[in-house]
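Given the structure is predicted, the values throughout are model-derived calculations rather than measurements. Counting starts at 1 for both ligands and their atoms, in listed order. Residue indices begin at 1 and follow the sequence shown.
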Amino acid sequence: MKRIYRSWIVIVLVLAAYQSAFAQGNKPNVVILATGGTIAGAAASGTQSAYKSGAVTIDAMVAAVSGISDLANIKGEQISNVGSQDMSFDIMLKLAKRINELATQPDVAGIVITHGTDTMEETAYFLNLTAKTDKPVVMVGSMRPSTAVSADGPLNLYNAVAVAADPNAKGRGVLVVMNDWIHGAHSLTKTSTTDVQTFMSPLRGLVGVAAYGKNDFYNNPQWKHTTSSEFDVSGVSKMPRVDIIFGCADMSPDLIDASVNNGAKGIVIAGVGNGNMNEASVKAAANAVKKGVVVVRSSRVATGLVGRNVEIKDDDLGFIASDELNPQKSRILLSLALLKSHTPEQIQQMFRTY
Ligand code: ASP
C-alpha cells in the first residue's frame, strides 16, 4: 500500500514538472508532432535539387525559426521521420491517437503536424475524420529542404504555429498552412510537383490566409469533420486494404481482378472524365462488387464532381460515386467507411456527408 502511495507521489511530481516546463507565461501551448518530409529535408548544398527527406529533427527545425517562441510555448515530439511517399495507415493511426490524447489535456491549445507534401492531403483528410477535437490541428510542410537558399519551411512553420495558437482556428477541422494560405483538409490538393505554390483548394476555396503570425479566416469547411465525424479509430490497429486503379484509354480490366485477388476490400477507380471507364472495366468492377468488394468511382480529372448514374448505371451495378473527393481522398474515406459498413447505400451517404 505504502509503495503504491509513493509511486503516486512520484507520478504527480513528474506531471507537475512537465506542466510547468510547458506552460510558461501567458502564451498558449502548442505541441508539434513531426513526421518528416522535405520540411525536415537536407541537401549537400543550398542550390542542389537532390536531397533527403526527413533528415532533420523537430528540435533543430524549431531552433531555426526565429521568433517562433514568441507565439507559443512549443514542445516537439517525433512521431516518424519519413518522406511522405512512405506515409502509411500505421503512422496515420499513431498520429490520430496521439492527437486525441493531447487534445484532452486542458493546457494544450493546438497541435501542429509537420509532414511531407506528397501525401499531405491524405493524412490531413484522415485526421479530419478521426481527430476528436475542435482545438486547432494544423498540418505544415515545405517544398524546399531546410538547407535550400530561400527555404520555405521556416515561415510555413511559423505561420502554422500562429494558426494552431489562434482561438479563431477552432472548429474548422484539420487545416493545412502552406505558403501563407490556410486550406481545409477536404478541399486541398497538391497541384505542382515542385512549385512552392503547390496547394490549391479548387472547389471550395481557402479557409483563410496567414501572414507573419496574423491570420484572417473567411470560410468554414462545409463538410462534417472531427467532433461531428462518426469514425473512431481508438481501437483500430489495421485499416482495410483499398486500392486505386488509374483509368485511361484502353484500360486493362485485369488490374481490377488482380486487386480483388490480392485481398482488396475496396477499389477506387480514378476514372476518366466523370468517373468513367471502358466497358470491360465496368464488367470487371461489377464482378468485384458481386464478390463483396466495394467500388467507388472517382476521377483522374483535377476538379469537378463525380455524379451517380450519369454514364454508368451505379444503381444497377452497386457502385458508389465519389462526389467531390479525388481518388486519394476517396481511398481514405472508403477505408474508414469499411470499418463500419459494406452496404453501398450507406457508404454513398458517407461520401455525401464527409
Ligand atoms: N517527397 C517529399 C515528401 O512528401 C516532398 C515534400 O515534402 O515536399 O516527403
Side-chain angles (χ1 to χ4, degrees), residues 32-62 64-65 76-96 98-99 111-128 137-161 163-164 174-185 187-202 210 244 246 270 302 326-329 331-332:
I32 303 181
L33 303 179
T35 69
T38 299
I39 193 167
S45 84
T47 50
Q48 80 172 45
S49 58
Y51 68 96
K52 185 177 174 336
S53 267
V56 177
T57 64
I58 182 58
D59 294 338
M61 278 157 61
V62 171
V65 186
E77 286 179 28
Q78 200 78 45
I79 299 287
S80 63
N81 212 353
V82 296
S84 73
Q85 54 272 41
D86 283 320
M87 186 48 56
S88 61
F89 272 133
D90 287 350
I91 303 175
M92 290 186 209
L93 284 168
K94 192 172 166 191
L95 267 176
R98 186 62 186 135
I99 289 167
I111 297 160
V112 169
I113 298 141
T114 59
H115 196 288
T117 61
D118 288 356
T119 60
M120 172 109 71
E121 62 196 90
E122 286 156 77
T123 304
Y125 186 58
F126 181 85
L127 297 176
N128 198 46
V137 175
V138 181
M139 296 192 64
V140 65
S142 76
M143 290 300 285
R144 296 177 181 149
S146 65
T147 47
V149 169
S150 198
D152 52 332
L155 183 55
N156 284 348
L157 186 57
Y158 184 90
N159 282 335
V161 168
V163 172
V174 171
L175 301 173
V176 173
V177 173
M178 286 285 296
N179 212 27
D180 300 354
W181 284 5
I182 308 171
H183 299 265
S187 54
L188 97 149
T189 191
K190 187 172 184 177
T191 64
S192 166
T193 51
T194 54
D195 288 354
V196 167
Q197 182 50 50
T198 185
F199 283 104
M200 299 283 173
S201 287
I244 299 176
F246 200 87
N326 64 21
Q328 54 272 35
K329 286 189 200 169
R331 173 176 174 267
I332 298 288

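Counting protein heavy atoms only, atom 8 (O) of ligand 1 is closest to Thr117 OG1, 2.5 Å.
Nearest heavy-atom pair across Ala151 and Ser146 is CB-O, 4.0 Å. Asn156 approaches Asp180 most closely through the heavy-atom pair OD1-N, 4.5 Å. Scanning both residues, Gln78 and Ile58, for their nearest heavy atoms gives OE1-N, 3.1 Å. Residue Met87 comes nearest to Thr123 through the heavy atom pair CG-OG1, 3.5 Å, listed as atom of the first residue, atom of the second, then distance. Heavy-atom minimum distance, Leu157 versus Met61: CD2-O, 4.2 Å.
At least one heavy atom of Ser53 sits under 4.0 Å from some atom of ligand 1.
Note: no N/O pair closer than 3.5 Å links Lys190 and ligand 1 by distance alone. At a 3.5 angstrom cut-off on N or O pairs, Ser84 counts as close to ligand 1. Close N/O approach between Gln85 and ligand 1 is found [any backbone or side-chain N/O within under 3.5 Å].
The Thr38 neighbourhood of ligand 1 comprises atoms 2 (C), 5 (C), 6 (C), 7 (O), 8 (O), 9 (O), with distances under 4.0 Å to a heavy atom of that residue. Set against the non-hydrogen atoms of Ser142, the atoms of ligand 1 under 4.0 Å away are 6 (C), 7 (O), 8 (O). The Gly83 neighbourhood of ligand 1 comprises atoms 9 (O), with distances under 4.0 Å to a heavy atom of that residue.
Contact of the Val174 side chain with the Phe126 side chain is not registered, since no non-hydrogen atoms from C-beta on lie closer than 4.5 Å.
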